[in-house]
There are 2 protein chains.
Amino acid sequence: MRQTKSLNKLVKVFEETEFAISVVSLVKRFKSEMSKTTVYRILERLEKKNVIHSFIGKDGERWVAKLQQAYPSHVERHPHFQCKTCGNMECVPFDFNLPTIKGYEVEAANLVLIGTCEQCL
Amino acid sequence: MRQTKSLNKLVKVFEETEFAISVVSLVKRFKSEMSKTTVYRILERLEKKNVIHSFIGKDGERWVAKLQQAYPSHVERHPHFQCKTCGNMECVPFDFNLPTIKGYEVEAANLVLIGTCEQCL
DNA sequence: AAAGTAATGCAACTCAGGTGCAATAGCAAA
DNA sequence: TTTGCTATTGCACCTGAGTTGCATTACTTT
């Protein structure tokens, strides 16, 4: 993966926050610095390299966030929590207590919780 | 809510299956019988009247399924399970074991599990 | 410094979903 | 049954996220 200016700008964003970020907001934020095509393609590369992971919000919007190796199950099935008040989307650093369904095999998950966060309560 | 032919056709679909159905597939299925605008608007009405509920799949697509009063928590936060092999999307009739996060208040959820179902294993 | 090729920008496209408006058809009252 | 009200529909058009092809640019390696 080549070390381009656009790549570094995006990587820096993920280094500076624990929150997930909506892809649309990234495109807007860097509108004057790179094309939306570039944003989408860089995110694709970063996800393939396991630098970030992505998931779908409650209205079908895509979100991205850095991968935190601290949590072993971070890759495939940890939930995300979005606060209705402040809009922040957090990775929930808990292993998910999936009801094991007899005979079913769960491989991945897209789990979004909506509510009010600690700060906003 | 007026008893129109289009409405009855869609209601019948939900009466005849326990599975969730993607909105796109409904639009395709009734292409020759009603306009997509009508499909979207009827689904909107049915959801408002609590005849069906909707949620977002792993790729951001909208799905709809009938509400089953049998399960008390059916409305807001039961999970859905999509089989990678047959493509069927099922409502998981279990109460969800959400990790209660101290200080956080969960109001709703969009929970999609992906894997292999009983039939396809 | 040169060359190979990964990455970018741009324009054009796809596809889900929504909107405004005129035409149609349930439904209720007469 | 007929009339009138208005909910519902169809159509054309729009919006916005995401993708693609291709020519150009700029990393990286030798």
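To find a chain, count down the sequence lines: A is the first, B the second, and so on, and within it residues start at 1. These numbers come from the heavy atoms of this one structure, side chains and all, not from hydrogens, waters or symmetry mates.
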Does [X] put a side-chain nitrogen or oxygen below 4.0 Å from OP1 or OP2 of [N]?
| X | N | answer |
| --- | --- | --- |
| A:Y40 | D:dG18 | yes |
| B:T38 | D:dG10 | yes |
| A:R45 | C:dA7 | yes |
| A:S35 | C:dG9 | yes |
| B:T4 | D:dT9 | yes |

Would you kindly give the [atom1]-to-[atom2] distance between [X] and [N], to the nearest whole Å?
| X | N | atom1 | atom2 | answer |
| --- | --- | --- | --- | --- |
| B:L7 | C:dA25 | CG | P | 16 Å |
| B:E33 | D:dG10 | CD | P | 11 Å |
| B:K5 | D:dA7 | NZ | P | 21 Å |
| B:I42 | D:dA7 | CD1 | P | 16 Å |
| A:E61 | C:dA16 | CD | C1' | 14 Å |
| B:Q3 | C:dA28 | CD | P | 11 Å |
| B:L43 | C:dG18 | CG | P | 10 Å |
| A:D59 | D:dG16 | CG | C1' | 14 Å |

Under 3.5 Å: donor-acceptor pair, side chain of A:E61, backbone of A:D59: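 Yes: the side chain of A:E61 pairs with the backbone of A:D59.
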
Query raised in the report: Where the side chain of B:R62 is defined as all heavy atoms beyond and including C-beta, which of D:dC27, C:dG9, C:dG17 is the nearest nucleotide?
Result: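 Among the listed nucleotides, the one closest to the side chain of B:R62 is C:dG17.
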
ask   = Quick one: on DNA chain C, does B:K36 or B:R2 contact a more 5' nucleotide (nearest heavy atom)?
value =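 Taking each residue's closest nucleotide, the earlier one in sequence belongs to B:K36.
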
### Query
Is A:V23 close to A:V64 at the side-chain level, that is, under 4.5 Å between some pair of heavy atoms?
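Touching, per the 4.5 Å side-chain cut-off.
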
Item to complete: Could you check whether the rings of B:F81 and A:Y104 sit parallel, tilted or perpendicular, using 30° and 60° as the cut-offs?
Response: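 If you compare the ring of B:F81 with that of A:Y104, the planes turn out perpendicular.
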
*asked:* At less than 3.5 Å, do the side-chain atoms of B:R41 and the base atoms of C:dG18 form a donor-acceptor pair?
replied: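 Per atom types, no contact qualifies.
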
- Task: Any chance you could measure A:E105, atom CD, to B:C83, atom SG, to the nearest 0.5 Å?
- Result: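 Answer rounded to 0.5 Å: 10.0 Å.
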
- Looking at OG1 of A:T38 and CZ of A:F30, how far apart are the two atoms once the value is rounded to the nearest 0.5 Å?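 The OG1 atom of A:T38 sits 12.0 Å away from the CZ atom of A:F30.
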
Next on the checklist: Any base atoms under 4.0 Å from A:V24, or only sugar-phosphate, or nothing? Heavy atoms, all strands.
Outcome noted: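 Answer is sugar-phosphate: A:V24 comes under 4.0 Å of backbone atoms only.
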
